[in-house]
Amino acid sequence: MNYKISELQARYNLSSKQSVYDRMKALQIVPVSRGKISSQALDKLDELDKFMKKNPGAKIWEFPRDVEYESSGQLDKSTGQLDNFNETLQLVEAIARHFAANQDPLSS
């Protein structure tokens with residue numbers, strides 16, 4: 001079943017449509033058809049909304065997500081280890097977001 005994006009602002013009591021799109025972008029949700037998202041995408045948005053309400057002042061990127069991508073599983077023949085580029089990239093991005101969020105603008 002598909003759900004209308006236009007109804008999400010009211011569903012989550014958000015002040016703007018842009019807030020809906022910001023959440024979708026953060027969760028990497030892409031519409032399945034013009035103006036509609038899948039039930040799985042709606043479930044993710046519901047989980048994010050619960051997190052945001054339980055943690056006032058939290059940022060969207062702080063939402064703990066289950067990693068839902070598949071590793072390429074390519075074997076590096078020189079080391080005998082799996083190539084985990086995607087996992088490494090996500091770790092580096094999370095560390096960068098952490099430092100960016102905790103930077104004190106008055107310390108400069």
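Note that the numbering runs from 1 along the sequence shown for the chain. Basis for what follows: all heavy atoms, side chains included, without hydrogens, waters or symmetry-related copies. Predicted model, so just to flag it, every value in this text is computed and none were measured.
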Distance (rounded to the nearest 0.5 Å) between I5 CD1 and R34 CZ: 10.5 Å
Test item: Y12 and L48 side chains (from C-beta on) under 4.5 Å apart, heavy atoms: no
Any side-chain heavy-atom pair of M24 and L45 under 4.5 Å: yes
Side chain proximity check, K17 to L8, heavy atoms < 4.5 angstrom: no
Heavy-atom pair with the smallest gap, counting every atom of S38 and N2: CA-OD1, 3.8 Å
K50 NZ: over 12 foreign heavy atoms closer than 6.0 Å: no
Between CG on residue L14 and CG on residue D49, distance to nearest 0.5 Å: 6.5 Å
Atom pair OH/CD1 of Y3 and I37 - distance to nearest 0.5 Å: 9.0 Å
Close side-chain approach of E47 and L27, heavy atoms under 4.5 Å: no
Under 3.5 Å donor-acceptor, S16 side chain and S19 backbone: yes
Interatomic spacing from CD in Q18 to NZ in K25 - rounded to 0.5 Å: 8.5 Å
Joint hydrophobic cluster, I29 plus M1, side-chain heavy atoms closer than 4.5 Å: yes
Linked, directly or transitively: Y21 and V32 (ILVMFWY side chains, under 4.5 Å): no
Flag side-chain contact, heavy atom, 4.5 Å: M52 against I60: yes
